[in-house]
Protein chains: 2
Amino acid sequence: MRDDAKPSDDGAPAAGDGPAGDGEVRRSGRVRTGPARVTIKDVAERAGVTKATVSKYLNRAHGYAMAPSTRERIRAAIQDLDFQPNPLARGLTRSATTTIGLVVADIRSQFYPELVHSIQVATEGAGYTLVLGSSGDDPARELDIVRSMAHRRVDGVVLVAVRSASDNIEYLRQRGIQIVLASRDLPELVADTVVVDSLAGARAAVRHLRDLGHRRIAHVGGELTVKPFADRRRGFELETADLAGRAELPAATAASTIEGGRAATRGLLDVERPPTAIFFATDTMALGGLMACADLGLEVPRDVSIAGFDNVTVGELPGIGLTTVDSDAARVGEQATELLLRRVLGSGDADPVLITRPAELVVRTSTAPPR
Amino acid sequence: MRDDAKPSDDGAPAAGDGPAGDGEVRRSGRVRTGPARVTIKDVAERAGVTKATVSKYLNRAHGYAMAPSTRERIRAAIQDLDFQPNPLARGLTRSATTTIGLVVADIRSQFYPELVHSIQVATEGAGYTLVLGSSGDDPARELDIVRSMAHRRVDGVVLVAVRSASDNIEYLRQRGIQIVLASRDLPELVADTVVVDSLAGARAAVRHLRDLGHRRIAHVGGELTVKPFADRRRGFELETADLAGRAELPAATAASTIEGGRAATRGLLDVERPPTAIFFATDTMALGGLMACADLGLEVPRDVSIAGFDNVTVGELPGIGLTTVDSDAARVGEQATELLLRRVLGSGDADPVLITRPAELVVRTSTAPPR
DNA sequence: CTGTTAGCGCTTTCAC
DNA sequence: GTGAAAGCGCTAACAG
């Protein structure tokens, strides 16, 4: 998707561009006709006014005045004709589309559905349409998506769990497109951001393990370039600073996937004197941790206690009962959307706002005192 | 979202519209300026040709001829200027937007992420943008969403797990918008459809339970107005037809949610002589079934065997180990998208196509011989 | 308060 | 092969 300005099928199949002047596409076919669309002109005629007046009616929120009788005739005409303003035309003139872009890394992860849903509901509830992009956690693709959304003139973008932001944010900002970051903050506060308090949450989780009597506690963290993951790790370190040496507190870093957590956990447990508890930076990794325990014939929580972070739905299931920290994804999504829409509507503070939501410990059955 | 033709801020904050002529909104503010956008006119000037010629270059797939030298100059100009055709303008004239709508019931359900992801990847890979709508499984909202997408001139719509279709499909079809149904078929083949073989899958699951020695088998089904659910139930009935009376084969119907499955299962198990195995119409319900067992102090599979349908990710987890039937959501999504894009591009059969994918049994640890 | 007049950026006949 | 002109459906000054 590098050279966006290629022939009509701008966004042709990912396949190679082939030799110079290939001509594969046949967009030709059927000419979308359907029932004659009713336009603003039809409404104007039926109401006995001009398009301009109808437009003013449609944009009356802009503060146009209008004779009640005219207003009423237009209203009636619109209703009779079942008129719908064409969003494309509107977008073309106003350069605003009542559309919000949502960029996520990968919807399949246990963590997103709740977040995406809340964002979807919030945008839709405000009359905006949601455009979805999935980056696969690849910064390059993320930028492609952001560019594509910018060209489509979305009014704003929710960046969920961005990796790094410099390019994206710069690009959007230059084009006057509003931005909000959800669930992952960045080292610098470059845009409105809504996250959960990772540091406090991690401390609570680790303290819980200590309160149970654990002393050999390990940590499986996410990539440290991701700030919330770094914060969680730091929380782990702060709460274990007084404990013995590094040997007692092994830490690993893994991709935030089930497989990532599984592999890292195996490495951590398959040693002489394994830890009695592990704190994971995400529930997804913790689920992998559970698999690793099963792989090694260890029982949770008897042989090892497991704690995660996020509170994904499946953690509640019997047979899982994952002790975790609630990231309150739904509220994060909602609040992020609110912030974004506020900016889109022109209010909003001059400076970026950071909202850090409290993180609550949720104790279930995957943690218990060490043997 | 009923009256779409309301004032400009068609999608004002959910808050009340207040007294008659309130004037709260101030869209006024910042006038989205940004760096002067480069248009086809700029390209034309730089290349020393007219907009028309540039347009022909852009649409060369339509089969326009052009002098190689001109072609080259235009190509260079586009590159130098980093020109991107404005999709809105293009959409306005061509009445096609390289956009696909995706309508799901509720992304939060365990089943969707995989499906949505595959659709997302497939559309994006073909250069289309995905617009997401979530109906909450409410037919009225579903229609609202479909209408909104139609107004935005999406080229096609993927309807995932529609409930009933008459209105939606009629509406879209009238407007020449292509349609494909994924994961749920309808009694009548009204549009291209991709589903898994529910009947065969259900039979395989039930046969598996019988092979293990179960005779008192229950079924927790989804609403029978949903064809795949009806098929799964029918599969259950066919495979148990020779067994004792109805008392041995209780069946319940529930909403396809964890809670739905949980409640239904409790009802089924909390009796004199409970079944020794339960076949669920969906994994989501089966997870609820697992919770119900825990609630009642029953152990799976020792006291009761549990089998589901869909093969959601969490089913693999140790502690869950759900025996199920694979719905192959990813492939269903992919194939549905392919079918849709084919129609959008003007190929595609005259009549609707039905693709029924094979359903494969996946045996895990939630099923075992009865005691 | 309402109408006139220009476009927004692109496509598309129809000439040349 | 390329250009001129009209128009997609709407908004936005500016008049009156």
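Predicted model, so just to flag it, every value in this text is computed and none were measured. In the text below, chain A, chain B and the rest are named by the order of the sequence lines, each starting its count at 1. Note that these values count all heavy atoms, side chains included, but never hydrogens, waters or copies made by symmetry.
A donor and an acceptor atom, one from each side chain of B:Asn168 and B:Glu142, are located under 3.5 Å apart. Judged purely by distance below 3.5 Å, without hydrogens or angles, the side chains of A:Arg152 and B:Thr129 pair a donor atom with an acceptor atom.
Summary of helix geometry: the two end axes of the helix from C:dC1-D:dG16 to C:dC16-D:dG1, each defined by five base pairs via their C1' atoms, are inclined to each other by 40° (rounded to 10°).
Counting all heavy atoms, side chain and backbone alike, B:Ser95 lies closest to B:Arg153 at OG-NE, 3.7 Å. When all heavy atoms are compared, the tightest approach of A:Leu341 to A:Ala122 is CD1-O, 4.4 Å.
As rounded to whole Å, 12 Å separates atom P of D:dC10 from atom CG of A:Leu92. With rounding to whole Å, A:Arg153 atom CZ is found 8 Å from C:dG9 atom P. D:dC10 atom C1' lies 13 Å from atom CD1 of A:Ile78, rounded to whole Å. Between the CZ atom of B:Arg73 and the C1' atom of D:dG1 there is a distance of 12 Å, rounded to whole Å. Between B:Arg90 atom CZ and D:dC10 atom C1' the separation is 20 Å, expressed in whole Å. A straight line from CZ of A:Arg94 to P of D:dA12 spans 6 Å, rounded to a whole angstrom. If you measure from atom CG of A:Leu88 to atom C1' of C:dT11, you get 14 Å, rounded to the nearest angstrom. Following rounding to the nearest Å, B:Ile40 (CD1) and C:dG7 (C1') show an atom-to-atom distance of 16 Å.
The residue A:Ser55 sits close to a base: some heavy atom pair falls under 4.0 Å.
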side-chain contact (heavy atoms from CB on, under 4.5 Å), that's the test. Do B:Asp80 and B:Arg46 meet it? Break it down for me. CA-CA 9 Å; B:Asp80 295 353; B:Arg46 185 172 239 267; 2.6 Å; yes
Show the numbers, then the answer: is there a side-chain contact (heavy atoms from CB on, under 4.5 Å) between A:His151 and B:Asn86? CA-CA 7 Å; A:His151 295 142; B:Asn86 180 328; over 6 Å; no
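Nearest nucleotide to the side chain of B:Leu58, out of C:dG9, C:dT11, C:dC8: C:dT11.
Residues B:Tyr57 and B:Ser55 are not in side-chain contact: their nearest non-hydrogen atoms beyond the backbone lie 4.5 Å or more apart. The shortest distance between side-chain heavy atoms of A:Ile169 and A:Val146 does not fall below 4.5 Å. For the pair B:Gln84/B:Arg37, no side-chain contact is recorded, criterion being any heavy-atom separation below 4.5 Å from C-beta on.
Dashed line: the shortest gap from a side-chain N or O of A:Asn86 to OP1 or OP2 of D:dC10 is not under 4.0 Å.
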Protein N or O to nucleotides 1-5 of chain C N or O, pairs below 3.5 Å:
from  : atom 1 : to      : atom 2 : distance (Å)
C:dT2 : OP1    : A:Thr70 : OG1    : 2.3
C:dT2 : OP2    : A:Ala67 : N      : 3.0
C:dT2 : OP2    : A:Thr70 : OG1    : 3.2
C:dG3 : OP2    : A:Thr50 : N      : 3.0
C:dG3 : OP2    : A:Thr50 : OG1    : 2.8
C:dG3 : OP2    : A:Thr53 : OG1    : 2.8
C:dG3 : O5'    : A:Thr50 : OG1    : 3.1
C:dG3 : N7     : A:Lys56 : NZ     : 3.4
C:dG3 : O6     : A:Lys56 : NZ     : 2.7

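If A:Val54 and B:Ala89 are placed on DNA chain D by their nearest nucleotide, the residue sitting closer to the 5' end is B:Ala89.
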